Amino acid sequence: MRSLQAVVLSIAIFNVVSSSPAPAPSLEPLGTPIERPPDFNPVPVPGTASGAGAPVLNSFVSFSIELAFFPDFAGNKLVPNTFSDTLLNNLKEFQGSKPNIRVGGNTQDYALFDPTLKTATKGTYIPSISNDYPRILSIGSLFFESYQTWPDVQFIHGFNLAKNDTAASTSLSDSVPYACEALSKNNLFSWEMGNEPDLFKTSAQGIMRPASWSEADYVKEWNAKVTSVKDALKKSCGEEWVSSQKFKWIAPSFAGTKNSLDTVKAWKAGLDASGDIAQFSSHNYIGGATQPGVTLAGTLMNHTKTVASIANHNAEQNALSNAGLSHPYILGETNSLYNQGAPGLSNSFGAALWGVDFNLMCAATSISQVYMHQGTDYRYSSWQPLTTSKTTLGTKPPYYGNIAVAAALGNITAGEVRVRNIPLSDSETIAAYAIYASSKLARLMVINLKQYNYSVPVPDVRLETAYNFTVPVECAGIGMVQRLIANGSDATTGITFNGASYEYEVAKGKPRLMGNVTKDETVWVGEDGGVAIWVPWSSAALVQLSC
């Protein structure tokens with residue numbers, strides 16, 4: 001190992017401040033070649049996509065936004081939230097399309113439509129349940145204007161399944177004309193009925209169904225409400241809204257793989273009997289914000305735990321496939337720690353590194369798309385859309401992880417992109433992924449999850465590790481290293497990806513190269529395909545190859 005200071009001296013590159021760093025390297029020589037370490041024992045990286053996950057969907061990096069806070073994130077036609085839109089556009093520059101937006105979450109199943117309401121939302125908080133979101137919620141017609149503020153974004157609109165009395169049914173039907181009008185500009189991706197119904201019998205936020213409620217009962221309710229939406233769409237919006245092109249749903253949106261309802265039983269009970277479901281959606285959180293023993297190093301920055309968490313979904317996906325499911329399997333809501341994240345963990349740079357590992361492991365195991373959940377004042381959010389009494393408007397560390405994932409995948413719209421996990425010796429603190437574009441090796445992402453804290457009175461010397469690989473010989477020559485880095489895993493500011501900051505204070509969320517951080521570092525791939533990549537503890541390196 002070498003000190004970080006040594007590697008900085010060996011690869012120092014002069015940077016000029018710019019407002020628009022290119023998402024792809026020029027592959028022109030820059031800096032000084034990094035020497036191979038004396039103990040060069042490379043891990044082979046296949047040159048073809050055989051063994052990689054299935055091709056990811058466009059807009060792989062997407063977001064789920066808590067329904068009660070969607071107007072905060074998007075604004076309305078009079079006052080659109082341009083900061084949020086800038087951050088979405090940044091991701092488009094890398095992955096080829098803006099993220100899809102799912103509008104849902106817990107408050108989706110609390111919301112009742114009130115056409116007389118003069119504001120977008122009206123909520124009542126019940127502190128004994130949660131201080132993070134309103135437990136009683138009304139939405140007005142102004143709410144739907146938020147769907148018209150972000151050009152080129154496709155949305156999933158969530159309806160209320162939990163409330164099943166007459167007033168709730170009327171509310172649902174009455175909201176449909178407003179929804180189809182707001183989503184009439186080719187910005188509808190799909191609909192969703194209910195959020196996490198597998199918790200309706202057990203939720204700490206309130207019991208919604210009796211203990212006897214079964215998969216068959218759930219399917220019967222789901223189908224009935226979907227039919228009511230279809231009837232309202234046909235009546236108020238026209239025949240095209242009930243066509244196979246527009247009448248699409250994600251489901252069942254269960255909270256996890258081992259709760260009170262079983263996905264395979266629900267599927268076999270006829271959940272998709274009508275053929276209207278386009279994607280199978282599940283949710284995942286790697287742990288809880290207040291769970292005993294949850295730490296940055298032991299929970300989030302732990303590749304073994306991430307793999308185990310995702311493996312539950314892989315097993316479910318296989319079981320569903322055996323039961324006849326052929327739809328893409330997505331995570332329609334996920335993030336680090338449920339209950340909106342933990343301060344000092346979910347809002348740290350370590351959580352950004354977790355996000356890179358988590359998303360790429362999902363892609364490597366054929367989970368087709370990932371929606372990272374957001375909410376106003378949520379600790380794990382990628383950005384805070386406006387200033388409140390609790391949180392200042394701005395970009396947060398997890399967003400840099402979103403950017404790094406999008407950069408690793410590249411332009412998905414240009415051709416198939418597949419990801420393969422490359423197992424390394426230390427399965428807990430090291431993760432590596434090969435990314436294939438049109439079946440050709442294009443990039444390597446290496447994540448050093450060894451914790452380095454800097455916010456201590458006397459920080460240790462920050463070490464780095466050499467990760468050694470053999471890539472196909474046609475990749476020989478020059479590659480570029482683009483780093484996701486901060487002062488340490490506990491940092492909440494001062495984060496960059498490939499030398500660029502995305503802070504609101506710097507350029508209102510637009511990328512701005514910082515003069516004190518390197519960009520597009522040269523790495524040399526030998527004629528034998530050997531390459532050594534030095535990665536400081538608590539950072540990640542994306543290697544752009546020229547194969």
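Just so you know, these numbers come straight off a predicted model, no measurement behind them.
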Any residue meeting side-chain contact (heavy atoms from CB on, under 4.5 Å) with A319, in chain and number order, not counting sequence neighbours:
V264

With sequence neighbours left out, what residues match N421 under side chain to side chain donor-acceptor pair (under 3.5 Å)?
none

Which pairs would a plain distance check flag for residues 172-186, meaning a side-chain donor or acceptor within less than 3.5 Å of a matching protein atom at least two apart in sequence or in another chain?
{"from": "S173", "atom 1": "OG", "to": "S169", "atom 2": "O", "distance (Å)": "3.4"}
{"from": "S175", "atom 1": "OG", "to": "L172", "atom 2": "O", "distance (Å)": "2.8"}
{"from": "S184", "atom 1": "OG", "to": "E181", "atom 2": "O", "distance (Å)": "2.8"}

Pairs touching residues 383-403 that satisfy side-chain hydrogen bond (donor to acceptor under 3.5 Å, both in side chains), sequence neighbours left out:
S84-W383, N90-Y399, D377-Q384, D377-T388, D377-T391, S382-N402, Y400-E503

Could you tell me which residues satisfy ring-ring contact (aromatic ring centres under 6.0 Å, His included) with F247, sequence neighbours excluded, listed by chain and number?
W249

Considering only residues two or more places apart or on different chains, which pairs with a residue in residues 150-168 satisfy side-chain hydrogen bond (donor to acceptor under 3.5 Å, both in side chains)?
Y147-H157

Would you list the pairs meeting disulfide (SG to SG under 2.5 Å) in which at least one residue belongs to residues 49-101, sequence neighbours left out?
none

Can you run down the side-chain hydrogen bond (donor to acceptor under 3.5 Å, both in side chains) pairs that involve residues 228-238, sequence neighbours left out, and say none if there aren't any?
none

Suppose we screen for side chain to side chain donor-acceptor pair (under 3.5 Å). Which residues come up paired with E316, at least two apart in sequence or across chains?
T263, Y329

Using the side-chain contact (heavy atoms from CB on, under 4.5 Å) criterion, which residues pair with S97? Sequence neighbours excluded.
N58, S59, T413

Side chain to side chain donor-acceptor pair (under 3.5 Å) with T334: which residues, sequence neighbours excluded?
none

Set of side chain to side chain donor-acceptor pair (under 3.5 Å) partners for S141, sequence neighbours left out:
none

